[in-house]
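Order of the sequence lines sets the chain letters (A, B, ...), proteins ahead of strands, with each chain counted from 1. Since the structure is predicted, the reported quantities are computational estimates derived from the model, not experimental observations.
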Amino acid sequence: DAGVIQSPRHEVTEMGQEVTLRCKPISGHDYLFWYRQTMMRGLELLIYFNNNVPIDDSGMPEDRFSAKMPNASFSTLKIQPSEPRDSAVYFCASSSTGTGKYNEQFFGPGTRLTVL
Amino acid sequence: QKEVEQDPGPLSVPEGAIVSLNCTYSNSAFQYFMWYRQYSRKGPELLMYTYSSGNKEDGRFTAQVDKSSKYISLFIRDSQPSDSATYLCAPSTGGGNKLTFGTGTQLKVEL
């Protein structure tokens with residue numbers, strides 16, 4: 001399996017522009033998570049989906065952020081308009097509801113976003 | 001107060017040293033306690049996890065949970081340069097759905 005795939009790997013944009021980050025989860029996984037990582041705040045959960053339905057978006061910082069999961073193999077995180085404080089590494093992770101007590105989350109390589 | 005507190009380091013040790021990494025948490029509903037390892041410019045990877053209180057050993061790594069004091073520890077024996085990474089504790093209430101990550105401790109093992 002190719003693992004969780006994210007694109008682009010790097011994104012540099014100017015303040016006010018729209019940014020779209022993409023994620024392809026591991027095939028068969030029914031949970032998808034979006035995280036943001038900064039030096040100051042560490043790794044923060046933004047939103048997660050179960051079977052393509054958003055379950056908890058309490059971590060989304062504000063209305064400029066939106067996430068969609070139109071099908072089981074694709075999700076997007078959009079920032080519009082972007083601001084310099086959105087600069088961070090954004091990770092997507094997926095997991096599967098299994099028979100075990102804990103279901104490991106598998107992370108993608110991340111998208112490094114810089115907003116100038 | 002954050003739900004999970006972790007000393008960010010950096011922590012620098014000589015090769016072969018015993019390393020102790022720690023977290024404290026405030027949510028008494030946490031039942032599963034994960035440690036993720038993150039190499040530079042990579043995504044985190046699960047290192048090991050424990051359920052409820054007690055110890056769990058996996059090779060050179062030992063995870064320890066004390067729920068009475070809400071304290072989580074990861075011990076690394078005979079540390080190697082390849083152990084140089086950021087270690088994140090991540091407790092969960094269960095089911096592996098929502099994890100609450102600590103800020104991570106950056107570890108450097110020097111030759």
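- For the pair A:Arg112 and B:Arg41, the tightest heavy-atom approach, listed with the atom from each and the gap, is NE-NH1, 3.0 Å.
- Under the 4.5 Å side-chain heavy-atom criterion for Ile, Leu, Val, Met, Phe, Trp and Tyr, B:Tyr25 and B:Leu21 are members of the same hydrophobic cluster.
- Under a cut-off of 6.0 angstrom, the local environment of NZ in A:Lys68 is sparse, with at most 12 non-hydrogen atoms contributed by other residues, nucleotides or ligands.
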Determine, stepwise, if the pair A:Ser58 / B:Lys98 fulfils side chain to side chain contact (heavy atoms under 4.5 Å, CB included).
CA-CA 12 Å; A:Ser58 60; B:Lys98 186 172 179 177; 4.1 Å; yes

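- When the shell of 6.0 Å around CZ of B:Arg60 is examined, it contains more than 12 heavy atoms from other residues, nucleotides or ligands.
- Cluster membership check: B:Phe61 does not share its hydrophobic cluster with B:Phe75, using side-chain heavy-atom separations under 4.5 Å among Ile, Leu, Val, Met, Phe, Trp and Tyr.
- By the neighbour-count criterion of 12 heavy atoms within 6.0 Å, atom CG of A:Asp63 is sparsely surrounded, having that number or fewer from other residues, nucleotides or ligands.
- No continuous path of ILVMFWY side-chain contacts below 4.5 Å connects A:Ile47 to A:Phe74, so the two sit in separate hydrophobic clusters.
- The shortest side-chain heavy-atom distance between A:Phe107 and B:Gln38 does not fall under the 4.5 Å cut-off.
- Counting heavy atoms from C-beta on, the side chains of A:Glu104 and B:Tyr36 come closer than 4.5 Å.
- In terms of heavy-atom pairs under 4.5 Å with chain A, the best-connected choice from B:Pro8, B:Pro44, B:Gly43 is B:Pro44.
- Within 6.0 Å of CD on A:Glu14 lie no more than 12 heavy atoms contributed by other residues, nucleotides or ligands.
- Residues A:Tyr90 and A:Tyr48 do not share a hydrophobic cluster, clusters being chains of Ile/Leu/Val/Met/Phe/Trp/Tyr side chains in contact below 4.5 Å.
- Neither the backbone nor the side chain of B:Glu45 comes within less than 4.5 Å of any heavy atom of chain A.
- At a 4.5 Å heavy-atom cutoff, the contact between A:Gln37 and chain B is made by side-chain atoms alone.
- Contacts of A:Tyr35 with chain B are made by side-chain atoms alone, with heavy-atom separations under 4.5 Å and no backbone atom involved.
- Residue contact with chain B, scored on non-hydrogen atoms closer than 4.5 Å, involves the side chain of A:Leu45 exclusively.
- A:Phe106 and A:Phe49 end up in different hydrophobic clusters when Ile, Leu, Val, Met, Phe, Trp and Tyr side chains are linked at under 4.5 Å.
- To the nearest 0.5 Å, atoms CG (A:Leu43) and OG1 (B:Thr86) are separated by 11.0 Å.
- Of the inter-residue distances, the one linking A:Ser95 atom OG with B:Leu46 atom CG reads 11.5 Å to the nearest 0.5 angstrom.
- Heavy-atom distances place the side chain of A:Asp56, and not its backbone, under 4.5 Å from chain B.
- With a 4.5 angstrom heavy-atom cutoff, A:Met40 touches chain B only via backbone atoms.
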